[in-house]
Student: 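Before I ask anything, let me first share the structure, which is written out below as structure tokens.
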Amino acid sequence: QVQLVESGGGLVQAGGSLRLSCAASGSTLSDYAIGWFRQAPGQERDFVAAISWSMGKTYYADSMKGRFTISRDTDKNTGYLQMNSLKPEDTAVYYCALKTVWGDSSDPKSYGYWGQGTQVTVSS
């Protein structure tokens with residue numbers, strides 16, 4: 001059974017940075033991709049970024065390019081989301097997920113496993 005555990009969320013002032021981690025266990029990840037999504041209260045779950053595990057190819061939502069960086073450490077089976085220049089509108093629960101089907105990396109339906117989420121709050 002695949003398990004994804006996020007960490008690294010918290011409270012930060014606008015302009016600050018956070019690095020989220022997603023520790024994966026229970027599966028060989030080489031055939032998959034790791035994605036990050038976020039969901040603010042009353043909003044849909046939005047795509048942030050994804051990275052293919054074997055090749056490290058990255059995909060970003062247009063609005064995240066330049067401030068957010070996705071990466072992975074294959075030795076540690078861990079994915080990361082570095083978030084810089086944070087804004088109050090980045091406040092959300094951030095989820096990592098394992099992309100298990102062929103399809104659009106930005107579509108939550110392409111992901112078969114999800115972490116529990118980690119809260120990111122950016123104060124103004």
Side-chain angles (χ1 to χ4, degrees):
Q1 181 71 12
V2 173
Q3 280 196 315
L4 302 172
V5 179
E6 301 101 332
S7 60
L11 174 64
V12 64
Q13 288 190 328
S17 298
L18 283 174
R19 188 177 82 154
L20 306 182
S21 299
C22 175
S25 62
S27 176
T28 301
L29 301 180
S30 59
D31 295 333
Y32 301 131
I34 291 284
W36 287 94
F37 290 76
R38 69 184 187 182
Q39 189 166 21
Q43 304 286 326
E44 292 186 350
R45 191 165 294 190
D46 291 331
F47 173 70
V48 175
I51 185 167
S52 65
W53 195 259
S54 58
M55 299 297 292
K57 184 173 174 59
T58 57
Y59 310 83
Y60 292 93
D62 287 342
S63 60
M64 312 299 173
K65 290 178 182 177
R67 294 192 301 125
F68 291 7
T69 303
I70 191 170
S71 63
R72 87 276 189 250
D73 185 326
T74 57
D75 291 335
K76 295 182 178 179
N77 256 22
T78 301
Y80 302 98
L81 184 68
Q82 177 68 42
M83 305 186 294
N84 298 328
S85 302
L86 284 163
K87 306 174 183 179
E89 50 264 42
D90 294 317
T91 295
V93 177
Y94 284 71
Y95 298 90
C96 72
L98 190 65
K99 186 173 182 288
T100 54
V101 300
W102 184 262
D104 184 354
S105 294
S106 66
D107 187 349
K109 295 185 181 68
S110 297
Y111 295 79
Y113 297 96
W114 293 81
Q116 81 287 353
T118 185
Q119 176 70 48
V120 171
T121 303
V122 185
S123 63
S124 57

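Only this structure's heavy atoms are used, side chains among them; waters, hydrogens and symmetry mates stay out. Here the structure is a predicted model, which means the values were calculated and not measured.
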Student: For the backbone of Gly117 and the side chain of Glu6, can you confirm whether one donor and one acceptor N or O come within less than 3.5 Å of each other?
Tutor: yes

Student: Nearest 0.5 angstrom please: Ser105 OG to Ile34 CD1, how far?
Tutor: 11.5 Å

Student: Would you kindly say whether Tyr94 and Arg38 are connected by a side-chain donor-acceptor distance under 3.5 Å?
Tutor: yes

Student: Does Ser110 use its side chain to pair, donor to acceptor, with the backbone of Asp104 at less than 3.5 Å?
Tutor: yes

Student: For residues Asp90 and Val120, determine if any side-chain heavy atom of one lies less than 4.5 Å from a side-chain heavy atom of the other.
Tutor: no

Student: If you compare all heavy atoms of Ser17 against all heavy atoms of Ser85, which two are closest, and at what distance to 0.1 Å?
Tutor: OG-N, 4.3 Å

Student: Should the pair Arg45 and Phe37 be classed as cation-pi, given the thresholds of under 6.0 Å to the six-membered ring centre and 45° from the axis?
Tutor: no

Student: With a 6.0 Å cut-off on ring centres, are Trp36 and Phe68 close enough?
Tutor: no

Student: When you compare the side chains of Thr78 and Asp73, does any donor N or O come within less than 3.5 Å of an acceptor on the partner?
Tutor: no

Student: Under a 3.5 Å distance rule, please check whether Thr91 uses its side chain to pair with a backbone N or O of Val122 as donor and acceptor.
Tutor: yes

Student: Any non-hydrogen side-chain atom of Thr69 less than 4.5 Å from a side-chain atom of Tyr60?
Tutor: yes

Student: Taking the ring of Tyr59 and the ring of Phe47, is the distance between their centroids below 6.0 Å?
Tutor: no

